[in-house]
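First comes the structure, then the notes that go with it.
When reading the values below, keep in mind they use all heavy atoms of this one structure, side chains included, and skip hydrogens, waters and symmetry mates. Read the numbers this way: they start at 1 and go in the same order the structure lists the ligands and their atoms.
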Amino acid sequence: MRDFSQDHRWLSINTATVRKSHGQEQPLTDIIEACARHGIRAISPWRDQVAASGLKAISGLVKTHGLKLSGYCRGGMFPATDAAGLQAAHDDNHRAVDEACELGATCLVLVVGALPGALAGQAAHKDIARSRQQVQDGIGELLAYARTSGMPLAIEPLHPMYAADRACVNTLEHALDLCDLLDPAKSGALGVAVDVYHVWWDPKLQAQIERAGKQRLLAFHVCDWLTPTTDLLNDRGMMGDGVIDIPRIRGWVEDQGFNGFSEVEIFSTGNWWQRDRDAVLRTCIERHRSDV
Ligand code: ZN
């Protein structure tokens, strides 16, 4: 297992972590400049942030600073109620692959979606099996396209509390079942993003990480699970402030040969997004050394 205590060369910042500073939305260009100042070598930006600054401007800035992208957030949201909805998701996902290529991302992260309409507050139906089939079909189709552009797809299983509205793939086991079905050759074109926030509780976690192996482990996301958690989405903790044994999980992932970045991904309306961006980045660097 790599020693992170001496430096932060393997730290990546998911740009949602510093999306806000003092409660104010920050342009991605400023976030990238700040990461570069702090000697951070990798980021993982969100599509809405990239779109707000312009894809060309961001890809230029990434190249200027020699930054790596540990991932690109995100594609997915496959399920829909009708053909037009499925087609819209299809088209949007193809654009996401193209953007990920332009930015030179390691992988496109997939949050697969769940019951159509649920995210907006009103699920169109209760048939989660139907959504799961649409997810399988959608990933299969997108994989064919992503292969032609050489962009790996990383399925991110989300914690079961998001099964209705964000992702109906909720365990690493389920994500790997999809990988085995759609990419039985383990070509490297399809794998998983292991986010400790989503999977830390799973009694099968170690076994499934071993099952994934290096070929399927495309991204590793860290933050912490706070007790109590006051918001289902935007109350993620800084590494070391919660109950997740992050070094243990990182050890399992690295035992399989994973040697990529450790990506800090914290959504925190009430705490970290209220603080000063540079102070948050300094804390990320410290905790990366001490608690990852
Ligand atoms: Zn994540």
Side-chain angles (χ1 to χ4, degrees), residues 10-19 31 40 42-50 68-77 96 100 103 105-114 119 135 139 152-163 165-176 178-179 190-202 205 208-209 212 216-226 229 231-239 241-246 249-250 252-253 258 260-269 272-273 280 284 287-288 291-292:
W10 295 111
L11 168 67
S12 173
I13 295 293
N14 184 298
T15 56
T17 305
V18 282
R19 169 184 287 279
I31 293 170
I40 291 162
I43 59 169
S44 181
W46 283 68
R47 290 186 73 199
D48 67 306
Q49 293 177 301
V50 169
K68 301 266 190 273
L69 260 71
S70 55
Y72 187 45
C73 295
R74 57 177 164 59
M77 296 292 167
L103 293 165
T106 302
C107 58
L108 175 66
V109 172
L110 299 180
V111 170
V112 298
L119 198 54
V135 165
I139 295 175
L153 303 177
I155 303 169
E156 181 165 3
L158 298 200
H159 190 282
M161 66 182 169
Y162 302 115
D165 54 8
R166 290 176 194 277
C168 57
V169 173
N170 306 103
T171 60
L172 196 52
E173 182 174 32
H174 187 181
L176 290 168
L178 288 168
C179 290
L190 183 63
V192 293
V194 174
D195 185 328
V196 299
Y197 192 74
H198 296 302
V199 300
W200 70 275
W201 55 272
D202 185 348
L205 181 58
Q208 292 300 319
I209 287 172
R216 297 271 199 238
L217 294 168
L218 301 183
F220 182 62
H221 300 173
V222 299
C223 67
D224 218 332
W225 184 280
L226 300 175
T229 291
D231 185 284
L232 294 188
L233 184 64
N234 293 323
D235 189 31
R236 291 182 174 214
M238 181 63 66
M239 301 82 73
D241 287 348
V243 299
I244 304 178
D245 190 343
I246 301 170
I249 299 173
R250 181 165 73 87
W252 295 339
V253 168
F258 177 81
F261 290 94
S262 184
E263 177 182 321
V264 177
E265 185 184 35
I266 299 173
F267 317 142
S268 174
T269 305
W272 298 99
W273 285 348
V280 173
C284 288
R287 298 297 181 86
H288 174 81
D291 291 275
V292 175

Only N/O/S atoms count here: what is the atom of E265 closest to the Zn ion (ligand 1) called?
OE1
Look at the aromatic rings of W225 and H159 and report parallel, tilted or perpendicular, splitting at 30° and 60°.
parallel
Would you say the side chains of D245 and W200 form a donor-acceptor pair under 3.5 Å?
no
Over 60° means perpendicular and under 30° means parallel, so classify the ring planes of Y162 and H198, tilted if in between.
perpendicular
For A154 and A193, which heavy atoms make the closest approach, and how far apart are they?
CB-N, 4.0 Å
Please name the atom of H221, restricted to N, O or S, that is closest to the Zn ion (ligand 1).
ND1
Suppose you place the vertex at the Zn ion (ligand 1); what is the angle out to E156 OE2 and D195 OD2, to 10°?
90°
